[in-house]
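Working notes, structure below.
Just so you know, ligand 1 is whichever comes first in the structure, and atom 1 is the first atom listed for that ligand.
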Amino acid sequence: MKIRKAVIPAAGFGTRFLPFTKTTPKEMISIVDKPAIQYIIEEAVAAGIEEVLIVLSRGKEAIINHFDETPELDKILEDSGKEDLLKLSREAAHLAKIQYVRQGLAKGLGHAIYCAKSFVGEEPFVVLLPDDIVDSEVPAIAQLIETYKQYGGTVLGVQQVPREDLSKYGIIKGTPLDGTTLEIESMVEKPSASEAPSDYAVLGRYVLTPEIFEMIEKTPPGKGGEIQLTDSINRQIDQEKVYAKIFQGTRYDTGNKLGYLEATVNFGLKHAEVGKAFKEMLLKKDLE
Ligand code: UTP
């Protein structure tokens with residue numbers, strides 16, 4: 001079945017980015033000139049996604065406004081003949097069919113995904129975490145969709161991470177099927193380095209099947225008192241095959257300060273308008 005729908009959970013508090021996130025959604029942080037969440041939706045659209053559901057919480061209204069029409073601004077830009085800016089401003093409103101749902105209480109990623117149950121219906125769908133921006137030739141989520149087409153079922157996007165970072169992620173234990181695919185035996189959420197079953201971390205990209213909702217319903221609160229998606233996927237592994245795709249591309253965690261700065265430097269250097277000047281500026285910096 002063709003995958004047409006994407007869910008983007010964006011209801012978290014973003015405490016790693018305080019004080020910025022006191023009143024501004026972290027998903028709206030600008031990487032050069034575009035909010036982080038627009039990079040994510042562009043990736044989904046490039047992979048053939050037509051409908052997007054963003055899971056929000058109170059105070060995240062700026063996200064809804066960003067993907068809405070802006071007739072007053074459009075008229076000013078039109079009247080002053082600023083066609084390039086008009087195109088940029090309009091782009092976000094026409095990327096995909098975007099809908100929203102509120103997660104009233106932040107009860108965890110599993111619970112946030114559960115808020116998408118009626119949007120998803122009976123189709124397989126993708127989940128993209130908005131903190132994880134991937135710079136790649138083939139969109140990261142398209143690489144997972146290819147694996148779904150080949151093997152069917154749930155597919156988690158993974159990459160190897162350094163030992164000291166294992167405790168930040170869901171870590172899988174799996175058996176290789178081909179050069180970039182593993183069949184997952186189990187998954188552990190945020191293990192210590194000594195407990196981790198491998199160095200393959202799940203990095204913000206998933207192909208899920210509608211069966212996940214039944215698994216979430218059966219999942220009690222886990223680590224941190226939250227309903228963990230990892231626990232629900234572990235239940236699914238007991239019943240059917242679940243795969244990991246080692247996706248190609250450089251992934252930036254824009255939910256933490258250093259990852260955000262790294263993403264800004266990467267996309268700044270590649271930017272058509274300011275890239276060259278930015279590079280010269282960086283080269284002139286005395287970094288000692
Ligand atoms: P994180 O725990 O990484 O994000 O959740 P956070 O809570 O926003 O940030 P910090 O840790 O406080 O800085 C991973 C993803 O799951 C979403 C978050 O918005 C993020 O995209 N999430 C998490 C929800 O939508 N609802 C939740 O209840 C928890």
* Which atoms of ligand 1 sit under 4.0 Å from any heavy atom of Q103? -> 24 (C), 25 (O), 26 (N), 27 (C), 28 (O)

* Which distance, rounded to the nearest 0.5 Å, do you find between the CD1 of I145 and the CD of Q150? -> 14.0 Å

* Hey, is E280 close enough to K284 for a salt bridge, meaning N to O under 4.0 Å? -> no

* Atom CG of L258: over 12 foreign heavy atoms under 6.0 Å -> no

* Asked: Where is the tightest heavy-atom contact between T264 and V32, given as atom of each residue plus distance?
  -> O-CG2, 4.1 Å

* Is it true that E78 and K75 have a side-chain N and a carboxylate O under 4.0 angstrom from each other? -> no

* Asked: N/O of A112 under 3.5 Å from N/O of ligand 1, yes or no?
  -> no

* To do: Test the K34-Y39 pair against the cation-pi criterion, namely NZ or CZ under 6.0 angstrom from the six-membered ring centroid and within 45° of the ring axis.
  => yes

* Minimum-distance protein heavy atom relative to atom 12 (O) of ligand 1 -> T15 OG1, 2.6 Å

* To do: Report yes or no: does L109 have a heavy atom closer than 4.0 Å to ligand 1?
  => yes

* Any atoms of ligand 1 less than 4.0 Å from a non-hydrogen atom of A106? List them with their elements. => 28 (O)

* Are D178 and K245 close enough for a salt bridge, meaning some N to O gap below 4.0 Å? -> no

* G14 to ligand 1: N or O pair under 3.5 Å? -> yes

* **Nearest neighbour in protein (non-hydrogen) for atom 28 (O) of ligand 1** => G108 N, 2.8 Å

* **Approximate separation, where rounding is to 0.5 Å, of M215 CE and T154 OG1** => 9.0 Å

* Electrostatic pair R235-E217, nearest N-O below 4.0 angstrom -> no

* **For atom 18 (C) of ligand 1, the protein heavy atom that lies nearest, with its residue and separation** => G12 N, 3.7 Å

* **Heavy atom of the protein closest to atom 25 (O) of ligand 1 (residue, atom name, distance)** => A11 N, 3.0 Å

* Applying a strict 4.0 Å limit to heavy atoms, is G255 in contact with ligand 1? -> no

* Using a strict cut-off of 4.0 Å, indicate which atoms of ligand 1 neighbour a heavy atom of K107. => 28 (O)

* Structure fact -> Looking only at protein heavy atoms, what sits closest to atom 9 (O) of ligand 1 is K26 NZ, 3.1 Å

* Given the side-chain rings of F125 and F119, with only the six-membered ring counted for Trp, is the space between their centroids under 6.0 Å? -> no

* To do: May I ask you to list the atoms of ligand 1 that are less than 4.0 angstrom from any heavy atom of P130?
  => 21 (O)

* salt bridge (Lys or Arg N to Asp or Glu O under 4.0 Å) between E69 and R90, worked out -> CA-CA 7 Å; E69 301 282 357; R90 274 194 174 152; 5.4 Å; no

* **Approximate separation, where rounding is to 0.5 Å, of L77 CG and S89 OG** => 6.0 Å

* Asked: So which protein heavy atom does atom 20 (C) of ligand 1 come closest to, and at what separation?
  -> P9 O, 3.9 Å

* So is there a nitrogen or oxygen of L129 less than 3.5 Å from a nitrogen or oxygen in ligand 1? -> no

* To do: List the closest protein heavy-atom neighbour of atom 11 (O) of ligand 1: residue, atom name, distance to the nearest 0.1 Å.
  => R16 NE, 3.3 Å

* Would a 4.0 Å cut-off, counted as strictly less than, catch a protein heavy atom around atom 5 (O) of ligand 1? -> no

* Could you say whether the N/O atoms of E226 and ligand 1 ever approach to under 3.5 Å? => no

* To do: Would you please determine whether H111 falls within less than 4.0 Å of ligand 1 on a heavy-atom basis?
  => no

